[in-house]
Amino acid sequence: MNTIEISEKYLMKTYGRQPMAAASGQNCVCTDEDGKQYIDFGSGIGTNSLGYCNDAWADAVCKQVRKIQHTSNYYYTDVQAAFVQKLCGITGYQKAFLGNSGAEANECAIKLARKYSFDKYGEGRGTIITLKNSFHGRTMMTLTATGQDVFHNYFFPFPTGFAYAEANNLDDLKSKLDGTVCAVMMEMIQGEGGVCAMEKEFVQAAAKLCEENDILFIVDEVQTGVGRTGTFLASEQFGVHPNVTTLAKGLGGGLPIGCCLADEKCAEVMGPSSHGSTFGGNPVVCAGALAVLEQVSAEGFLEKVQQKAAYIREAVAKCSDVAAVTGLGLMIGIALKTKDAHDVMDKARENGLLILTAKEKVRLLPPLTISQEEIEKGLKILLPLLEN
């Protein structure tokens, strides 16, 4: 049996996999087991932020794995310390909790918000408001936080303590503030919800409401963070600095990491045993994440991301079957007039280009380091598929 057959036999069918077995990669090019090469405009759903096997990233990971690969979080490591110091310096946050995924980061944010409120006001103030069409993870808690009915099935009973407001509807958000709320949680761009960006005025008004009511403002930047939108945090473009920001995906450059960042208001809420993670802050992962930060924060890097994004967006927008181009930076959603996004994805793969979908849209999340040559090769395949 080949790789696909073995995987189909032994793995639970929790993913809608495509018929391609990846074998190796370099920069923005993935090579399958048969030797066929693909330009990758998906980067592992935004996770391979520096592309495949970036030299500096790989060197840092390999050096660390031969130094110390793991130790309990009862002890300290220099690489973890260096990583969180740089991350807090870049983002302006005071404290970080390290886990292994975006869902874990969001779990921490939810627990932090509820403990903040409990410590200050006691019981009865633990509701989290999230937005309809949002996505926050697949654990039981973050699945419930996700504001899409399609995900609220099968796994009953779901946890309580969540309310859902319409995105970009301030009146609806206000109507949910009933005295039981401890936090409002949202994405700046709803990625799995269709690459839908929030309106700046709504985000700023929501942040102000939170401040006025001593409610924590949480922004899920699992997909939008670490330079994906052309600024290190997408929230920078909305003119807000949330009390809590969660990161994952591109932060590790391909290794599993999640991070919950807290500002001075709630930095000291979580104490010993209030939360934890066996593998969170793993030295090897931190070494890779530190390499990501060093490159993404380098002078001129994010300006290049913005330039690449503008080039791709302009090229795509000109295609006759494109109704709209959504998102920000290199988080690109493409609404189609007549074509089916999944058909476009399949045809792109057959022709040597890996892309994604988000609901009815084509979704592009190319590596931040993608070269102009790789962009041109990818667009040469994609653009004809977007024409009537």
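Quick note: residue numbers are just sequence positions, from 1.
Within the structure, side chain to side chain donor-acceptor pair (under 3.5 Å) pairs that include any residue of residues 304-316 comprise Tyr311-Glu376 (at least two apart or interchain). For residues 250-292, the ring pair (Phe, Tyr, Trp, His ring centres under 6.0 Å) pairs, not counting sequence neighbours, are His70-Phe279, Phe97-His275. Residue pairs meeting the ring pair (Phe, Tyr, Trp, His ring centres under 6.0 Å) criterion with at least one member in residues 197-238, sequence neighbours excluded, do not occur. Pairs of residues two or more places apart, or lying in two chains, that qualify as side chain to side chain donor-acceptor pair (under 3.5 Å) and include a residue from residues 94-107 are Lys95-Glu268, Asn100-Glu104, Asn100-Ser277, Asn106-Asp220, Asn106-Thr246, Glu107-Thr139.
With sequence neighbours left out, the ring pair (Phe, Tyr, Trp, His ring centres under 6.0 Å) criterion links Phe151 to Phe135. Residues satisfying the salt bridge (Lys or Arg N to Asp or Glu O under 4.0 Å) test with Glu373, not counting sequence neighbours, are Lys377. By the ring pair (Phe, Tyr, Trp, His ring centres under 6.0 Å) test, Tyr93 is found to be paired with His241, residues two or more places apart in sequence or in another chain being considered. With sequence neighbours excluded, no residue forms a salt bridge (Lys or Arg N to Asp or Glu O under 4.0 Å) with Glu236.
Between the side chain of Ser274 and the backbone N or O of Gly271, at least one donor-acceptor pair lies under 3.5 Å. Remark: the backbone N or O of Asp346 is not paired with any side-chain donor or acceptor of Gln18 at under 3.5 angstrom. Asn133 contributes no side-chain N or O that, together with a main-chain N or O of Ala167, makes up a donor-acceptor pair within less than 3.5 Å. Formation of a donor-acceptor pair under 3.5 Å by the Thr146 side chain with backbone atoms of His136 is found in this model. Judged by distance alone, the side chain of Asn243 and the main-chain N or O of Cys266 form no donor-acceptor pair under 3.5 Å. Without hydrogens or angle criteria, Ser134 side chain to Gly147 main chain gives a donor-acceptor distance under 3.5 Å. Side-chain atoms of Asn213 do not come within 3.5 Å of backbone N or O of Ile215 as any donor-acceptor pair. At least one donor-acceptor pair closer than 3.5 Å links the side chain of Ser320 to the backbone N or O of Asn388. Looking at Arg228, its side chain does come within 3.5 Å of a backbone N or O of Leu330 through a donor-acceptor pair. Asp40 places no side-chain N or O within 3.5 Å of a backbone atom of Cys28 that could act as its donor or acceptor partner.
Between Lys176 and Asp172, at least one side-chain nitrogen of the basic residue sits less than 4.0 Å from a carboxylate oxygen of the acidic one, meeting the salt-bridge criterion. One finds no salt bridge joining Asp32 and Lys36 here, because no Lys/Arg side-chain nitrogen approaches an Asp/Glu carboxylate oxygen to under 4.0 Å.
Hydrophobic cluster membership of Tyr74, counting Ile, Leu, Val, Met, Phe, Trp and Tyr whose side-chain heavy atoms lie under 4.5 Å apart directly or via other members: Tyr75. Other cluster members for Val222: none, since no ILVMFWY side-chain heavy atom sits under 4.5 Å from it. Through direct or indirect side-chain contacts shorter than 4.5 Å among Ile, Leu, Val, Met, Phe, Trp and Tyr, Phe162 is connected to Ile110, Leu112, Tyr116, Ile128, Met141, Tyr164, Met185, Leu216, Ile218, Val244, Val269, Met270. Here Met20 is tied into one hydrophobic group with Tyr38, Leu354, each link being a pair of ILVMFWY side chains closer than 4.5 Å.
Counted within 6.0 Å of NZ on Lys9, heavy atoms from surrounding residues, nucleotides or ligands total 12 or fewer; the atom is thus considered open. Atom NZ of Lys337 sits in a crowded spot, with more than 12 heavy atoms from other residues, nucleotides or ligands closer than 6.0 Å. The number of heavy-atom neighbours closer than 6.0 Å to NZ of Lys265, taken from other residues, nucleotides and ligands shown, is above 12. Counting heavy atoms of neighbouring residues, nucleotides and ligands inside a 6.0 Å radius, atom OH of Tyr154 does not exceed 12 of them. Within 6.0 Å of CD on Glu123 lie no more than 12 heavy atoms contributed by other residues, nucleotides or ligands. When the shell of 6.0 Å around CD of Gln85 is examined, it contains 12 or fewer heavy atoms from other residues, nucleotides or ligands. The environment of CG in Leu209 is crowded: more than 12 heavy-atom neighbours from other residues, nucleotides or ligands sit within 6.0 Å.
For the residue pair Ala317 and Val322, the shortest heavy atom distance occurs at CA-CG1, 4.4 Å. The two residues Ala358 and Val195 come nearest to each other via the heavy atoms CB-CG2, 4.0 Å. Taking each heavy atom of Ser49 and Val292 in turn, the nearest pair found is OG-CG1, 3.9 Å. When all heavy atoms are compared, the tightest approach of Gly258 to Ala248 is CA-CB, 4.1 Å. Scanning all heavy atoms of the two residues, the minimum distance from Arg114 to Cys182 falls at CG-SG, 3.9 Å.
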Side chain to side chain contact (heavy atoms under 4.5 Å, CB included) between Ile370 and Phe41: does it pass, once the steps are laid out?
CA-CA 9 Å; Ile370 188 170; Phe41 274 17; 3.5 Å; yes

Tell me, with the steps shown, if Glu33 and Thr3 meet side-chain hydrogen bond (donor to acceptor under 3.5 Å, both in side chains).
CA-CA 9 Å; Glu33 287 189 335; Thr3 295; 2.5 Å; yes

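Within the 4.5 Å cutoff, the side chain of Tyr52 has no heavy atoms near those of the Val29 side chain. Residues Lys339 and Val362 form no side-chain contact, since every pair of their non-hydrogen atoms from C-beta on lies 4.5 Å or further apart. The shortest distance between side-chain heavy atoms of Val316 and Leu383 falls below 4.5 Å.
For the 3.5 Å distance criterion, the side chains of Gln223 and Glu192 qualify, holding a donor opposite an acceptor.
Ile45 and Ile334 fall into different hydrophobic clusters, where Ile, Leu, Val, Met, Phe, Trp and Tyr side chains are chained together by heavy-atom contacts under 4.5 Å. Val305 and Leu365 are not part of a single hydrophobic cluster, where members link through side-chain heavy atoms under 4.5 Å apart. Put simply, Val219 and Leu261 are part of two different groups of oily side chains (I, L, V, M, F, W, Y) that touch within less than 4.5 Å, one to the next.
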